[in-house]
Amino acid sequence: MSDKLDLSQFEKKMVIRNLEYKDIDQIIELQSLCFPGMEPWKKSQLRSHLEIFQEGQIVAEYDGDIIGSCSSLIINFDEYDDRHSWDDVTDNGYITNHNPDGYNLYGIEVMVHPDFRRMKVGHRLYEARKDLARQMNLKSIIIGGRIPNYYKHADEMSPREYVDAVSRHKIYDPVLSFQLLNGFTLMRINPNYLPDDKRSHKYATLMEWNNVEYLPNSKRHFKTSYPVRICVVQYMMRQIESFDDFANQVEYFTDVASDASSDFVVFPEIFTTQLMSFMEEKSPSLAVRRVTEYTEEYIELFTDLAVRYNVNIIGGSHLVKEDDEEIYNIAYLFRRDGTIEKQYKIHITPNERKWWGISPGDQVKVFDTDCGKIAIQICYDIEFPEMARIATNMGAKIIFTPFCTEDRQGYLRVRYCAQARAVENQIYTVISGTVGNLPQTENMDIQYAQSGIFAPSDFEFARDGIVGETNPNIEMVLIGDVDLEILRRQRQSGTVRQLKDRRHDVYELKYKK
């Protein structure tokens, strides 16, 4: 009896999946094949797509090779001019205008390798887009489609006549005919859509597929405002006798924030070093290790407070010893639904190295919350503009900066940089610091702070770009509202538009993670 035939040697698998960073070179090579004479994607554009909306970037992989792809973002189409260009609707290919609360999935490119165009690859990609629209409960898919065979008929037909002839199957156009077969209907014809699309004479057909399963959500409507209330705690470092004393002080401020219907309450950097005040440990490096022993109690305390008081807590930062025996400065986000996230401090100050031996983290994170995407950048980290730009590219609208500084010069470095980051990135920044003194505690003996909430500088924002600030060097809270809808509008049509007007052709920021 002969051995069974091994069928696996004949298999060639077709996979539809999301784009990954390792695919970028293949995508650029594929685009050069699919659209000769047109400028291909830049690596920086594709990296931006992945950072901002990976779910909308889809590839077809066949036998291990990328043979097709499609790119998308979410917008509110009503906010764009009917005669918009590809550059308008994609922010010059970087999709930083992606709006996760939008109604429409906008397709910005589909391509299939010329050698695989009889395998329904394009159809599979379009179906994947439709599935995404259904999963995300989006109202429709809109595309600006090329008409690449128009150049053959341009001398005898207007674009409207050509599109009409294709619609009635008198002329075949590889893009428009395909889109019509896939259930898209014509909305209008846009001139000057893609300047380098010579075959289409720069025209594009604006097409729409309506999601019949779309269910209007009462929470998703055109907003005149989207307020988020923030309570900033300027925390007094005073002598305490136990962890319970610390917990009572923290709960008091959480209660204050909750009573004011705050969405976030923010505590300062390494304020848990207050625990050193009841430890009989003179060596700073040993005292820090004693503080790390309270990590579980700290996490349990803040998790309970976030749920019980129904407020998202930026739990300052805490010194944590991890499995590698290294000590890290970590800021935790305690969501009011009981879930927890953490951000490691990436840039360690000379003092943290000298006195405590703190190790750096290596990843910039952005966290989803019930009030949009946020980032946490601990003290020194806000002084590095690349950090805030990376977080903004990943969708953050608010950057929280717990800080701890011992003198006015150090405080001003944090403040001025936080205000600069708000202007540069058209975001809100929040700083929360420690005040008071711990006379018997090495390296934590004096504090200086004036906490605040900062906005970009334009007409719709707070005067001087300051939503609010505390008085210097006294224990108090600051409660202020920031408006994410104003932020969104100003990014599109403000007096200046730092995000939209970046010169990607001159420079780029590359995040290595």
Side-chain angles (χ1 to χ4, degrees), residues 100-101 219 223 225-235 246-247 249-272 295 297-318 320 330-345 364-379 381-382 388 391-392 394-403 418 422 427-433 451-455 467-468 470 477-485 487-488:
D101 294 321
K219 292 182 179 179
K223 301 182 182 73
S225 67
Y226 187 163
V228 175
R229 180 159 295 173
I230 299 168
C231 176
V232 183
V233 178
Q234 188 156 283
Y235 187 91
F246 169 77
Q249 199 172 342
V250 166
E251 183 168 4
Y252 165 73
F253 286 117
T254 306
D255 188 16
V256 168
S258 180
D259 284 346
S261 300
S262 301
D263 296 296
F264 292 95
V265 56
V266 193
F267 289 92
E269 180 189 23
I270 55 172
F271 74 133
T272 55
T295 298
E297 289 95 325
Y298 160 83
I299 292 173
E300 288 172 358
L301 169 65
F302 279 95
T303 303
D304 174 65
L305 293 176
V307 174
R308 190 149 47 93
Y309 286 94
N310 191 32
V311 61
N312 299 302
I313 302 177
I314 311 297
S317 77
H318 176 63
V320 180
I330 301 177
Y332 290 84
L333 164 64
F334 300 92
R335 295 190 187 92
R336 50 185 155 199
D337 66 1
T339 57
I340 306 170
E341 303 279 3
K342 62 182 179 179
Q343 171 67 62
Y344 292 76
K345 188 173 184 178
V364 180
K365 290 189 174 182
V366 166
F367 306 115
D368 286 308
T369 73
D370 54 9
C371 298
K373 291 182 183 291
I374 65 139
I376 307 172
Q377 300 191 349
I378 307 169
C379 197
D381 284 342
I382 201 66
T392 302
M394 294 166 71
K397 302 296 190 299
I398 308 171
I399 296 180
F400 293 96
T401 296
F403 75 94
I427 54 171
Y428 296 107
T429 55
V430 181
I431 63 173
S432 170
S451 305
I453 303 172
F454 308 118
V467 176
T470 62
V477 300
L478 162 67
I479 297 173
D481 287 352
V482 298
D483 194 325
L484 301 187
E485 175 61 17
L487 195 71
R488 187 195 62 76

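Note that these values count all heavy atoms, side chains included, but never hydrogens, waters or copies made by symmetry. Since we're looking at a predicted model, the values are computed, not measured.
We find the CD1-CD1 distance between Ile399 and Ile374 to be 10.0 Å, quoted to the nearest 0.5 Å. Distance CG/Asp259 to CD1/Ile479: 9.0 Å, rounded to 0.5 Å. Between atom CG of residue Asp483 and atom NZ of residue Lys397 there is a gap of 13.0 Å, rounded to the nearest 0.5 Å. A distance of 4.0 Å separates OH in Tyr344 from CD1 in Ile330, rounded to the nearest 0.5 Å. In this structure, Phe302 CZ and Ile314 CD1 are separated by 11.0 Å, a value rounded to the nearest 0.5 Å. The CG atom of Asp337 sits 10.0 Å away from atom CG of Asn310, with the distance rounded to the nearest 0.5 Å.
A 4.5 Å side-chain heavy-atom check between Asp101 and Tyr226 finds at least one atom pair inside the cut-off. The side-chain heavy atoms of Val228 and Ile398, taken from C-beta on, include a pair separated by under 4.5 Å. For the pair Asp381 and Lys345, the minimum side-chain heavy-atom distance is below 4.5 Å. No side-chain heavy atom of Asp481 sits less than 4.5 Å from a side-chain heavy atom of Ile453.
Thr401 and Gln377 are not linked by any side-chain donor-acceptor pair at a separation below 3.5 angstrom, with hydrogens and angles left out of the test. Counted by atom type alone, Ser317 and Glu269 present zero donor-acceptor pairs between their side chains at under 3.5 Å. Under the 3.5 Å distance criterion, with hydrogens and angles disregarded, no donor-acceptor pair is assigned to the side chains of Gln343 and Tyr332.
At distances below 3.5 Å, not a single donor-acceptor pair connects side-chain atoms of Lys342 with backbone N or O atoms of Ile340. The main-chain N or O of Val232 is never found under 3.5 Å from a side-chain atom of Ser432 such that the two would form a donor-acceptor pair. Side chain of Thr392 to main chain of Ala388: a donor-acceptor pair is present (N/O by atom type, distance under 3.5 Å, no hydrogens or angles). When atom types are taken as modelled, the side chain of Asp368 and the backbone of Lys373 share no donor-acceptor pair closer than 3.5 angstrom. Thr339 places no side-chain N or O within donor-acceptor distance of the main-chain N or O of Arg335, the cut-off being under 3.5 Å.
Taking the centre of each ring, Phe400 and Phe264 come in below the 6.0 Å mark. Not less than 6.0 angstrom separates the ring centroid of Phe246 from the ring centroid of Tyr298.
The shortest non-hydrogen separation linking Val366 to Met394 is CG2-CB, 3.7 Å. Minimum heavy-atom separation, Ser451 to Phe403: OG-CE2, 4.4 Å. Shortest non-hydrogen contact noted between Ile431 and Ala418 is CG2-CB, 3.7 Å. Between Val265 and Val311 the shortest heavy-atom distance is N-CG2, 3.9 Å. Taking both residues in full, the closest heavy atoms of Cys231 and Ser262 are given as CB-OG, 3.5 Å, listed atom of the first, atom of the second, then distance. Closest approach of Pro268 and Val233 over heavy atoms only: CG-O, 3.8 Å.
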Q. After noting the C-alpha distance and the side-chain angles of Asp304 and Phe334, does the key distance pass the side-chain contact (heavy atoms from CB on, under 4.5 Å) rule?
A. CA-CA 9 Å; Asp304 174 65; Phe334 300 92; over 6 Å; no

(Q) Does Thr272 form a side-chain contact (heavy atoms from CB on, under 4.5 Å) with Thr295? I'd like the steps, not just the answer. (A) CA-CA 10 Å; Thr272 55; Thr295 298; over 6 Å; no

Q.
For Leu333 and Ile313: C-alpha separation, side-chain torsions, deciding distance, then whether side-chain contact (heavy atoms from CB on, under 4.5 Å) applies.
A. CA-CA 6 Å; Leu333 164 64; Ile313 302 177; over 6 Å; no

Q: Could you give me the CA-CA distance, side-chain angles and deciding distance for Leu305 and Glu251, then say whether side-chain contact (heavy atoms from CB on, under 4.5 Å) is met?
A: CA-CA 7 Å; Leu305 293 176; Glu251 183 168 4; 3.7 Å; yes

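The residues Arg336 and Asp370 are annotated as salt-bridged, a charged nitrogen and a carboxylate oxygen being separated by less than 4.0 angstrom. Ion pairing between Arg229 and Asp263 fails under the 4.0 Å rule for side-chain N and carboxylate O.
The aromatic rings of Phe271 and Tyr235 lie perpendicular to each other, with more than 60° between the two planes, well past the 30° mark.
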